[in-house]
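Only one structure is covered here, and it is reproduced in the block below.
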2 protein chains.
Amino acid sequence: MITMRPLIHPSIEDVTVEGILHALADPVRVAIYAELASSACANICSNFLKVSDRSIPKSTLSQHFRALREAGLVRSERRGVEMHNTTRCDEIEKRFPGLLAAIMNAHRIQSADCARAVKRQQAAARKQAG
Amino acid sequence: MITMRPLIHPSIEDVTVEGILHALADPVRVAIYAELASSACANICSNFLKVSDRSIPKSTLSQHFRALREAGLVRSERRGVEMHNTTRCDEIEKRFPGLLAAIMNAHRIQSADCARAVKRQQAAARKQAG
DNA sequence: CCCGTAGTTCGTAACTTATGAACTATGGAA
DNA sequence: TTCCATAGTTCATAAGTTACGAACTACGGG
């Protein structure tokens, strides 16, 4: 019987910029991180089996959470059968002031741009059709 | 005879946060980017055959420049036999305000921390030896 | 004690990255 | 011109990373 290895949470001094950037360079992971950061409450993994209309296999999801955890971005805690995840944004803000805010802000800008582009496309399609 | 493909520079609207984070998640690439950003003048690739005391094979270096270019972070221009590289930080600053500044700042903080750690280690080693 | 739910691990297939060898491109000297 | 040197690129492949299904662990509740 193979026992499960304990969850790894780097101490804040061991958190690296490269690690953070790499973790947040993945669209699924930023989406998860953004959701965790925006909802004040802790959030369980299985809430993310669907992310931006795409369904994620749970083994993949588990790896994504591991990546976020080991980059130092989230803290995961077992509570019964579930895992409660919270961001470590306060700690990271102390170590790298403004970093996460700038990244999340850039993401909001990009999503807004993208939404606009989709609307434009839809309008063009309607015009062509009608 | 296989002709060389032209250099690809995405237009600023096509630059993505993921792309930027991915490009800057690599230690060699941030080091290059930081150097390009700090020196006001354009800089040729072969200046970076050594990066933070590590020597980089030139094929690898070429790929790193391609990654920076295609992420929209730098603009490369052939001048005779050399390639002149400049950052596109003004454009990116307009699209994603504060993003690059925060990332580069975080990097400076991390490097400073690292330098301190090395000094501490050296001091400890001297103490043990003497 | 067994079952169901929530996550993890493992094996493997698919993708990415690093690098040496061979190439292109350009400028200058003979 | 032709040849050479220098600066980068491309290509093949080896090494590393990521995705995901199947089988597992862990916990809580009948």
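Quantities reported herein were computed from a predicted structural model and do not represent experimental measurements. Throughout, a chain's letter reflects where its sequence line sits, starting with A, and its residues are numbered from 1.
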> What distance do A:Leu100 atom CG and A:Thr87 atom OG1 have between them, rounded to the nearest 0.5 Å?
Replying inline: 8.0 Å
> How long is the gap from CD1 on B:Ile20 to CD1 on B:Ile92, to the nearest 0.5 Å?
Replying inline: 4.5 Å
> Atom CZ of B:Arg78 to atom C1' of C:dT24: distance rounded to whole Å?
Replying inline: 8 Å
> For C:dT8, does either OP1 or OP2 sit under 4.0 Å from a side-chain N or O belonging to A:Arg69?
Replying inline: yes
>> So, does B:Ser62 get its side chain near the phosphate of D:dG8, meaning an N or O under 4.0 Å from OP1 or OP2?
In response: no
> With a 4.5 Å heavy-atom cut-off, do A:Glu35 and A:Phe48 have their side chains touching?
Replying inline: yes
> Same cluster or not: are B:Ile44 and B:Val81 linked, directly or through other Ile, Leu, Val, Met, Phe, Trp or Tyr residues, by side-chain heavy atoms under 4.5 angstrom apart?
Replying inline: no
> OP1 or OP2 of C:dG7 sitting under 4.0 Å from any side-chain N/O of A:His84?
Replying inline: no
> What integer distance in Å separates B:Met83:CE from C:dT24:C1'?
Replying inline: 12 Å
>> Side chain of A:Lys58 only, heavy atoms from C-beta on: which candidate in D:dG8, C:dA6, D:dA19 is closest?
In response: C:dA6
>> Expressed as a whole number of angstroms, how long is the span from A:Arg5:CZ to D:dC24:C1'?
In response: 13 Å
>> If I take atom NE2 in residue B:His64 and atom P in nucleotide D:dT9, what distance separates them, rounded to the nearest angstrom?
In response: 13 Å
> Between B:Leu49 (CG) and D:dG8 (P), how many Å, whole number?
Replying inline: 8 Å
Tabulate below the donor-acceptor pairs under 3.5 Å that side-chain atoms of residues 70-77 of chain A make, not counting sequence neighbours, or state none.
| unit_1 | atom_1 | unit_2 | atom_2 | d |
| --- | --- | --- | --- | --- |
| A:Arg75 | NH2 | A:Glu91 | OE1 | 3.2 |
| A:Ser76 | OG | A:Arg69 | NH1 | 3.2 |
| A:Ser76 | OG | A:Asn85 | OD1 | 2.7 |

> Could you give the CG-to-C1' distance, from B:Asn47 to D:dG8, as a whole number of Å?
Replying inline: 13 Å
> Given D:dT9, D:dG8, C:dA18, which nucleotide is nearest the side-chain atoms of B:Ser46?
Replying inline: D:dG8
>> Between C1' on C:dT16 and CD on B:Gln63, what's the gap in Å once rounded to a whole number?
In response: 11 Å
>> I need the CG-C1' distance between A:Leu61 and D:dA22, as an integer number of Å.
In response: 17 Å
> Considering only C:dA18, D:dA26, D:dA7, which nucleotide approaches the side chain of A:Val81 most closely?
Replying inline: D:dA26
> So which nucleotide from C:dG7, C:dG20, D:dA19 ends up closest to the side chain of B:Ser59?
Replying inline: C:dG20
